[in-house]
Amino acid sequence: MKNVFYINCQSNPWIKVAQHLQKTEQLKPVYWNGYPFMDKSDILVSKAFPDIIYSEDSKSWRGIFPDKIAEKAATTCIDVDFLRKFASEELQAIKMMDRIDYDQYSLNFQERERIYRNMVRGWMAAIELLSPKMVISATIPHHVSDFVLYLLCKHKGIPYIMPERTSFIGRFIINDDPYTIGDKLDVVFKEKLQEESEVLLKSLPKDMSDRYLKLQEDYSKGAPFFMQLENKTSKRLAHFWGLADQFFRYFKDNDAHQPLWGDKGLLSHGVIVYYKNNREWIENAHFSLVKYCYMHIVSGRFKKKMLNYYKSLTVKPDYSEPYVLYGLHYQPEATSNPAGDIFVDQRLAIDLLLKNLPDDYKIYVKEHPHQYLKQREGHTCRIKEFYDDLKKNPRIRLLDINESTFKLIQHAKAVATIKGTIGFESAVYKKPVIQFGCSWYEKYPGVLKVTDEESAKRIHSFIADYKFDEHALLAYLAATADKSYLAYFYLNYMKGSLTMTEDECAAIWTEAISTYLHRNEKR
């Protein structure tokens with residue numbers, strides 16, 4: 001048997017996945033990080049695997065480990081070579097803690113550094129005690145704690161398996177590196193290039209061909225599912241009755257969420273969240289219901305103020321001038337951290353564009369439409385000075401959120417992104433794409449992936465020499481279809497849009513992980 005950690009895994013479908021893999025691949029679950037107030041996974045996981053160590057996600061965010069591991073961590077000394085090797089990634093982890101710092105001033109640098117390094121000690125202790133041969137995660141490591149675990153796994157050569165989402169609902173590629181998809185599509189892409197375009201289009205699964213054709217027909221029809229979902233949620237929460245409805249629906253089934261009463265009850269203990277309260281150490285931080293509601297009111301006012309400030313700096317686009325469109329990513333989120341690596345600071349990506357394009361080229365920067373939604377945490381990752389610094393450069397134009405993205409893509413010389421769906425959309429609309437992070441489409445020939453100054457030197461020539469090749473795009477989509485799977489996984493995201501049972505979903509995940517294992521055994 002090989003010991004395995006399961007990270008960010010809900011009970012559905014992951015308990016069944018773990019049971020299948022234990023039977024077929026001899027993978028024994030020894031550590032589980034989950035969401036007990038969402039799905040009773042603390043009870044269900046312990047019942048399925050009696051000897052397992054279980055950790056609540058809200059505690060993991062704050063660097064709180066289960067007692068056995070915490071006891072070992074207290075006497076664990078950090079490997080200084082590890083800190084030196086991953087110094088850049090430590091800054092990424094510190095940036096991830098913006099989510100915890102809900103009011104932007106409760107978590108200073110010293111506290112963030114302490115949390116990070118205590119997490120390093122904790123995971124070093126867990127690895128020493130439990131000797132995992134693999135980590136299986138339901139999402140890319142972006143929750144600080146699991147990112148630290150990923151770094152230690154990379155340092156020690158322990159595989160860390162994660163899904164790389166595509167731009168199609170529930171479709172993912174099995175990956176083991178948040179910074180690149182590697183060569184997973186290379187061979188099959190070359191094979192698909194030998195097939196006729198009509199054959200390639202007909203061979204695509206319905207979910208992929210439908211979105212591809214809808215994008216060609218009408219940009220709004222091909223809008224990403226999550227964008228539509230978030231917009232609906234935002235409208236519902238925009239008024240008092242929408243908020244009240246959500247509150248009562250949350251407690252409709254007390255057993256499935258945080259209870260009202262008891263040691264961990266909402267009214268007696270406070271709201272269980274991962275945020276830092278400025279008056280308490282992170283380990284003890286908690287919020288009363290009144291404080292939690294007040295915090296949301298204050299953050300809502302701040303988001304509105306920031307959005308209005310951004311709008312005051314925007315200008316109308318001039319479609320007659322040469323420009324590259326850069327769509328800002330919503331932050332904090334995995335799409336920029338860790339997937340963007342150093343470009344989590346999005347100004348660095350814009351700097352490289354400015355440096356490597358002719359002086360008459362402008363950079364059109366458009367804020368993400370979800371940055372200031374009521375239900376999101378976007379207020380933790382923007383300050384007014386971020387916009388001020390961009391505005392100072394005469395070659396940068398800030399555009400209103402409501403400007404037509406489709407029209408901006410149509411008239412752009414190229415589109416730049418870290419890994420956003422705007423990159424795939426722009427490829428469909430025959431535009432060259434400059435990419436600064438990891439994405440499923442990074443190996444498509446119409447994409448230039450920029451990772452450093454050397455690769456950035458190719459930006460202008462890549463745009464100037466670009467010729468759209470629909471056959472290559474269809475071949476790449478067909479290769480993606482061959483190497484991807486369709487299932488729900490992280491927080492049951494998109495489960496409602498996929499018509500499959502838990503057993504069917506578990507079977508798909510079991511197949512995906514087993515295939516990964518067997519492929520890597522042959523290498």
Side-chain angles (χ1 to χ4, degrees), residues 85-89 91-92 95 140 151 154 164 166-167 173 175-187 189-190 193 322-329 331 334-365 390 393 395-396 409 412-427 429-469 472-473 475-476 479-480:
K85 181 179 179 181
F86 294 100
S88 176
E89 287 82 358
L91 287 176
Q92 290 177 52
K95 177 65 176 172
I140 180 174
L151 296 178
K154 186 176 181 179
E164 172 59 34
T166 70
S167 299
I173 299 169
N175 202 12
D176 52 15
D177 188 335
Y179 299 111
T180 179
I181 62 165
D183 61 359
K184 295 174 182 61
L185 301 180
D186 292 3
V187 173
F189 174 53
K190 290 180 181 178
L193 283 171
Y323 67 87
V324 170
L325 173 63
Y326 183 88
L328 287 171
H329 278 254
Q331 294 178 302
T335 52
S336 63
N337 195 6
D341 196 2
I342 195 172
F343 298 110
V344 62
D345 177 359
Q346 297 187 75
R347 190 180 174 191
L348 294 178
I350 297 170
D351 280 351
L352 284 183
L353 292 172
L354 290 167
K355 187 188 299 186
N356 293 281
L357 287 170
D359 290 343
D360 62 333
Y361 268 61
K362 303 300 188 292
I363 309 299
Y364 281 11
V365 178
L390 293 176
N393 192 305
R395 292 173 60 199
I396 295 176
I409 293 173
K413 294 293 185 182
V415 174
T417 181
I418 293 178
K419 67 172 294 178
T421 56
I422 194 175
F424 166 63
E425 294 160 358
S426 299
Y429 291 129
K430 307 179 182 181
K431 294 295 179 179
V433 178
I434 312 300
Q435 182 195 319
F436 293 91
C438 168
S439 79
W440 65 276
Y441 55 77
E442 67 181 49
K443 289 298 190 74
Y444 166 58
V447 172
L448 172 64
K449 183 171 181 178
V450 175
T451 57
D452 52 23
E453 295 283 351
E454 189 62 32
S455 54
K457 291 177 182 178
R458 294 181 53 211
I459 290 175
H460 184 222
S461 61
F462 177 76
I463 295 173
D465 298 339
Y466 176 77
K467 290 181 177 60
F468 176 66
D469 184 349
L473 179 57
Y476 195 85
T480 301

[X] vs [Y] side-chain heavy atoms within contact, under 4.5 Å:
X: K419; Y: E164; result: yes
X: I418; Y: T335; result: no
X: I422; Y: L325; result: yes
X: F424; Y: W440; result: yes

So how far is it from [X] [atom1] to [Y] [atom2], rounded to the nearest 0.5 Å?
X: L448; Y: F436; atom1: CG; atom2: CZ; result: 8.0 Å
X: K413; Y: Y361; atom1: NZ; atom2: OH; result: 5.0 Å
X: T417; Y: I434; atom1: OG1; atom2: CD1; result: 11.0 Å
X: Q346; Y: Y326; atom1: CD; atom2: OH; result: 3.5 Å
X: H460; Y: D465; atom1: NE2; atom2: CG; result: 9.0 Å
X: Q435; Y: F343; atom1: CD; atom2: CZ; result: 11.0 Å

For the residue pair [X] and [Y], what are the closest heavy atoms and their distance?
X: G423; Y: Y441; result: CA-OH, 3.4 Å
X: A427; Y: V433; result: N-CG2, 4.0 Å
X: A412; Y: K431; result: O-NZ, 2.8 Å
X: I181; Y: S439; result: CG2-O, 3.6 Å
X: K355; Y: E453; result: NZ-OE2, 2.9 Å
X: Y179; Y: E89; result: OH-CG, 3.8 Å

- Task: Report the relative orientation of the aromatic rings in Y476 and F189; use parallel for angles under 30°, tilted for 30 to 60°, perpendicular for over 60°.
- Result: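 Aromatic pair Y476/F189 classed perpendicular.
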[X], [atom1] atom: more than 12 neighbouring heavy atoms under 6.0 Å:
X: K362; atom1: NZ; value: yes
X: K430; atom1: NZ; value: no
X: R395; atom1: CZ; value: yes
X: K85; atom1: NZ; value: yes
X: I396; atom1: CD1; value: yes

- Message: Apply side-chain contact (heavy atoms from CB on, under 4.5 Å) to residues T451 and D341 and explain how you reach the verdict.
- Response: CA-CA 9 Å; T451 57; D341 196 2; over 6 Å; no
- Would Q331 and N337 count as a side-chain contact (heavy atoms from CB on, under 4.5 Å) if you check the C-alpha gap in whole Å, the side-chain angles of each, and the deciding distance to 0.1 Å? CA-CA 8 Å; Q331 294 178 302; N337 195 6; 5.9 Å; no
Answer yes or no: is there a donor N or O on one side and an acceptor on the other, between the side chain of [X] and the main chain of [Y], under 3.5 Å?
X: D183; Y: D186; value: no
X: H329; Y: V344; value: no
X: N356; Y: R458; value: no

- Reference residue R347; test side chain to side chain contact (heavy atoms under 4.5 Å, CB included); the match among N393, L352, L390: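 Looking at N393, L352, L390, the match for R347 under the side chain to side chain contact (heavy atoms under 4.5 Å, CB included) is L390.
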